[in-house]
Amino acid sequence: MEVVYLNGQFLPKDQALISPDDRGFLFGDSVYEVARWYGGYFFDLPGHTGRFRRSMKETNMVWKDEAKLEEIFEELIERNGLGADCAIVYFQATRGVAPRNHAFPDPPVKPTIYGFARRHNINTLAAERGVAIWLTPDPRWNRCDIKTTALIANVLPYQEAHDQGFAEVCFVRNGFVTEGAHSNIFFVRNEALYTHPENNDILSGITRKNIISVARANDVSVVEEAVATDMIPYMNEAFICNTTGEIVPVTRISDQVIGDGNPGHLTRKLQVLLREFIQSCDPHR
Ligand code: PLP
């Protein structure tokens with residue numbers, strides 16, 4: 001039986017009970033994080049836990065055991081016997097349980113803290129062959145920098161894309177490509193990488209940040225500028241990235257073929273460089 005973490009306890013998942021008055025359930029008043037375990041170590045755990053703490057701070061949530069975060073991530077892996085596997089840890093905080101009312105509970109209540117770990121292997125076919133993605137106007141709020149579980153504006157366009165056979169949906173705001181429903185996007189033009197700057201219109205992806213530093217360390221130029229949709233036909237390559245999939249080449253955007261319709265050479269190079277960097281973070285090497 002899967003062991004989950006709920007409010008200070010590790011317990012079998014079927015014993016994890018959450019109130020229907022939980023504000024995460026009623027309002028989506030809740031933030032979350034996903035980190036990846038590579039059969040012995042987390043990749044950039046400080047990046048993930050740092051972003052989780054920021055999401056809590058930006059939404060005025062306070063958790064007294066916040067210092068135990070890293071320990072809980074490790075323990076979820078251990079208690080589920082995933083030490084030697086590739087896995088993810090999902091972690092969530094809601095503002096807690098209170099009768100339904102838009103105002104924050106006063107006095108404040110304890111947040112609901114929930115986490116689980118599960119086996120996760122990368123989609124090697126997508127990473128090898130590349131995928132087609134769909135572009136649509138960005139229907140989300142203006143705080144996309146907060147990793148909130150209120151994801152209906154991501155879920156609905158994603159489902160529409162999925163139903164048409166696309167692997168991801170990417171959003172367009174004011175004529176510029178922002179990011180995917182659960183990924184960041186990079187373009188390549190004349191051997192330089194282009195990606196949306198870090199601001200309220202995107203989630204600052206941990207994979208995005210690591211790709212930027214790996215690229216710069218290998219003399220690949222990175223321009224943190226958004227790409228206008230009418231420039232897409234002039235792009236040589238594109239890829240999406242996230243914690244669960246690393247780098248996935250994009251070979252078509254809606255009906256626009258990218259480059260020659262195959263994963264680009266810089267995309268391939270970055271897949272290798274990122275993987276080498278991840279492996280170099282293994283403390284047991
Ligand atoms: N953008 C959004 C909206 C996401 O949900 C995600 C990940 O789930 C990302 C970007 C990529 O972030 P990361 O690389 O930290 O997984």
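For ligands, and for the atoms within them, numbers begin at 1 and follow the listed sequence. Just so you know, residue 1 is the first one in the sequence shown, and it goes up from there.
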Within the structure, is a non-hydrogen atom of [X] found at a distance of less than 4.0 Å from ligand 1?
X	value
C144	no
S204	no
K147	yes

Which heavy atom of the protein is the closest neighbour of [atom], given with residue, atom name and distance?
atom	answer
atom 2 (C) of ligand 1	E179 OE1, 3.5 Å
atom 14 (O) of ligand 1	T207 OG1, 2.6 Å
atom 5 (O) of ligand 1	H182 CA, 3.4 Å
atom 12 (O) of ligand 1	G205 CA, 3.4 Å
atom 16 (O) of ligand 1	T243 OG1, 2.6 Å

Distance, nearest 0.5 Å, that separates OH of Y41 from CD1 of I77
13.0 Å

How many angstroms lie between NZ in K269 and CD in E237, if you round to the nearest 0.5 Å?
11.0 Å

Going by atom types only, do Q92 and Y90 share a side-chain donor-acceptor pair under 3.5 Å?
yes

Taking the side chain from D145 and the backbone from I202, do they hold a donor-acceptor pair closer than 3.5 Å?
no

For the residue pair R95 and F27, would you count it as a cation-pi contact if the rule is NZ or CZ under 6.0 angstrom from the ring centre and within 45 degrees of the ring axis?
no

Numbered atoms of ligand 1 (with element) below 4.0 Å of N242, judged on heavy atoms
11 (C), 14 (O), 16 (O)

At a 4.0 Å threshold, what atoms of ligand 1 neighbour a non-hydrogen atom of G180?
3 (C)

Exceeds 12 heavy-atom contacts within 6.0 angstrom, atom [atom1] of [X]:
X	atom1	answer
D255	CG	no
D163	CG	yes
E128	CD	no

For the residue pair F91 and F73, is the inter-centroid distance of their aromatic rings smaller than 6.0 Å?
yes

Quick check: does [X] get an N/O under 3.5 Å from an N/O on ligand 1?
X	value
I206	yes
R208	no
R51	yes
R140	no

Between N154, I185, N184, L151, flag the one that comes closest to atom 11 (C) of ligand 1 by a heavy atom.
N184

Option passing salt bridge (charged side-chain N to carboxylate O under 4.0 Å, His left out) with D201 (candidates R143, R140, R173):
R173

Logged contact type for S183 with ligand 1, heavy-atom cut-off 4.0 Å, is backbone

